[in-house]
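One structure below.
Note that the structure is a prediction, hence the values are computed from the model and not measured.
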Amino acid sequence: MMNIRFLGLFAIALFGFAAQASEQVDSEAVIVEWQAPDCSSYTSYKRCRNAVKTEYRRMRQQEMKSQGLSFWYYERPSYKGDSQKALKDEVPGMLTIAFDVEKDGTTSNVKVTAVSSEEAKVYGETLVSAITQWTFVPLDNKVEGVTWRTELFFEEEACKDKPKEGVEKKECYSD
Amino acid sequence: MKFSNLVKAAAVLLGLLSLSIKAQVPIETFFKGVSYANMRLSPNGKFLAAGKVLPSGEMHAFIINRKTNEMVSEMKFAGKLGVSSVTWLNDKRVIVGLGFASEMSEGFGGIGQLLGMDIDGSRKDILWSGQTSDYGGNEGMRLIGPLDAENYLISVYPSGSGMSKFPYTYIYKLNMYTGEATKLYRSPIRAASPIRKKDKETGEWEVTHWVGKAADSFSSTVVLTKKEDGSWEEIRYEENEGMRIPRGYSSDGKWLYVRDTISAPTSAVVKVNVKTGEETIIYRHPKVDVSQMFQDDNGDFWGALINYDYPKVVILDEDNYYAQVQLKMEAAFPNQAIQIASKTADSTEWLIHVSSDKHPGKYYIFNQFDGSLKFVVNRADWVDPKEMPTTHAIRFNARDGLEIGGYLTVPKGKNAKNLPLIILPHGGPHGPRDVWGWNSERNILANAGYAVLAVNYRGSGGFGRNFQYDWYGHWGLEMQDDLTDATYWAINSGIANVDRVCIYGASYGGYATLMGLVKEPDLYKCGIGYVGVYDLNVMMYTGDVAMRKAGKNYLNWALGDTEEKRRAQSPAPNAEKINSPVFLMHGMLDYRAHFENYVVMRDALLEQDHRFETLLIPRAGHGARDQSSRKQIFCRMLDFFDRHIGEKPDPMRAPSTDCDVEGVDPLPFEYFAGKGAYK
């Protein structure tokens, strides 16, 4: 259990500014180009991951403020079954999820609109079911087409403190 | 038009008048303990666990599902126990520590029992009941930290071992599901805590240091350090000369954090590179010790909490995201103290405790995604901050130039001008200090119309080792003069009415009260000593401090090493110098400032045929815990102050007959008429 939760920390959600999801809600999820963040300029993978997280939080706060959205209840995705296995196997990917927020603060039309690969689709259900649980502070007007971007990226095996057998360790970070 | 304006003005005036009359709130407001204790977020943020005091007095530990706001698990227990800690073992299980209501303070003392419960209400078990064969009775314990997914490391020590004993402690492994306890080792030095480092390869914990005490001294710290060859090096530090105390490792094990008071009198947090030994001071304040340090997810320090005037988080890195979050929260709650009570494992949500001089505290959730704070619960919804007095931090220079700080509490609706004043020296004296924040004692007195000045006189803790240790043996001397100087500061700055000043304190504060009356017979119009020390020579052979070698050494150092010196610095042998009305209150079971202190002070006042009053609390030790006792104590105190420095003071007026509490035997109160040596 402990291990899984720790892996969960590697799941980074990013807000999509560019995607105008409202028109895409009803369409199938499209495959989009995506690259994991480049961590080579950081002194450690942990610092890189935390920096991405912080950057995301800053953007998120601005975006939610402009939309008048404020969490009443936020739920983390809980990876189970296939998505838990994918996390364990370190399957990377990016997913964009779109949803509406009703006047009473509940979410609706929660859908995966974009995904970085076929393999990454495995995370979709987990993310959708978490967002379905979210509640926002009640609103005067329904907010449509909110997008949520989740990135799952992992440290390259050769960069790890102790790479698996057969993988040669390399220096990946700056001093 | 003009007329109606006048009417409006009159109405506003009347409104103000009635407000100032209503400024006093019922005294019960201050006696109720906070209703929620130790609220904590589960690691996954789905649940909140906390303790709650029920109206019946029962204690209640519960878990709430945040999505549905429903209670999903609970435990109730009777008796005078309080929830002293709430710890999430994992997303499914909570560990609740129960403590006994402590003397003097409103919190709960050390852990007496440990209970566990799951979020679904199952597996409710007593995990630790304070019984081992090591000490053959009730033992105290402390959670050191998690060992693995199911086990915690705990430190076990004999109960009732206060400042007078430094026993060896036993370290146990405690299973948080079964309660199975396995003794791992006895501490190699007295009262020791292990400093552990996790081996990155094996995941095993290694003890690299032990930090403990010496048998013969309260003010020494002994550090055992494991050397490369596996042997242990022992260093004994004296606090008055400075110490280097290891506190723990960074999560990557690369840095050892050390509290240093050698390189300067105030404490610094220093990081030491484990490989190279290279050192960096992370933070030190020139005047006060560091209270707390704050780290981000990388382990970088972004802030330091200090209590110089007001509690303040000093920002160490302005660009740090969490530092910016702190500043944002401070902007949302101006003039309040913000504490991070707990965080989710991914630190996306923080449970925030917000309190002030006017309120014991409310909980909020801060969400990192929307950057906003949501109210969770009010710990004391019967306290209206708008009705509460205001506490200001003050500073002045004593007669020799030394800077002294204190806290001035001003009654609601009054200007800090020409007020009746109560000087309130804290107990200790060496180690404790007063801080800004909710304080029911100060607020009870201010609510009754008095300005209250709590002074961090020299010898207090928190202002560096020199400020504290240089003044051992100076009781009744410079330490007392600081209180006198504080009184004159308040009078000369127009805050206090020179004819309406009294002094009151508990323990050392009781000593300082009676010494104040001895040394400044014309300054204080009255004094109340509560569980006080009144004869330093009596203190040398009575009470629990004198029972131990370390205590005897402390007393020789702090009280003075000759009988003559101690006599000169004691109020009871100098009672003939007292002019002002005295009120003594004492617990008959007090073994800290032994009851004998009360007896000698009473006899000395009787011998002088002095007019004075006494209130005995038969079942109380060093301070009364019982609510009905505390109500009678404060009723008697307020009546005493009212007769001497109240709205219409009359020192000859008979004491109130209205202080009994329904359903309990009144505490024995006596009025010794004497010949009334009042001026």
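- Scanning both residues, A:R76 and B:T344, for their nearest heavy atoms gives NH2-CG2, 3.1 Å.
- For chain A, the option among B:K46, B:K67, B:E349, B:Q324 with the highest count of heavy-atom pairs below 4.5 Å is B:K67.
- You'll find the ring centres of B:F369 and A:W148 inside the 6.0 Å limit.
- If you measure heavy-atom distances from A:S44 to chain B, you find no contacts under 4.5 Å at all.
- The shortest heavy-atom contact between A:R57 and B:S347 is NH2-O, 3.1 Å.
- Rounding to the nearest 0.5 angstrom, the gap separating the NZ atom in B:K374 from the OH atom in A:Y73 is 13.5 Å.
- Taking 4.0 Å as the cut-off between side-chain N and carboxylate O, A:K53 and B:D346 do not count as a salt-bridged pair.
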Practice problem: Kindly indicate, with the supporting measurements, whether the criterion side-chain contact (heavy atoms from CB on, under 4.5 Å) is fulfilled by B:D297 and A:R49. | Solution: CA-CA 10 Å; B:D297 302 336; A:R49 181 161 50 81; over 6 Å; no
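- Applying the 6.0 Å contact sphere to CG of B:N273 captures more than 12 heavy atoms from other residues, nucleotides or ligands.
- Interface remark: A:K65 contributes no atoms to any contact with chain B (heavy atom separation under 4.5 Å).
- Remark: B:E74 CD is packed, more than 12 non-hydrogen atoms of other residues, nucleotides or ligands lying under 6.0 Å away.
- Of the inter-residue distances, the one linking B:N298 atom CG with A:T54 atom OG1 reads 7.5 Å to the nearest 0.5 angstrom.
- Within 6.0 Å of CD on B:Q326 lie more than 12 heavy atoms contributed by other residues, nucleotides or ligands.
- Heavy atoms from other residues, nucleotides or ligands lying under 6.0 Å from NZ of A:K169 number more than 12.
- No more than 12 heavy atoms of other residues, nucleotides or ligands lie within 6.0 Å of CH2 in A:W72, so this atom counts as exposed by the packing criterion.
- At least one donor-acceptor pair under 3.5 Å links the side chain of B:D370 to the backbone N or O of A:F71.
- Only the side chain of B:S251 comes within contact range of chain A, with at least one heavy atom under 4.5 Å from a heavy atom of that chain.
- Applying the 6.0 Å contact sphere to NZ of B:K124 captures more than 12 heavy atoms from other residues, nucleotides or ligands.
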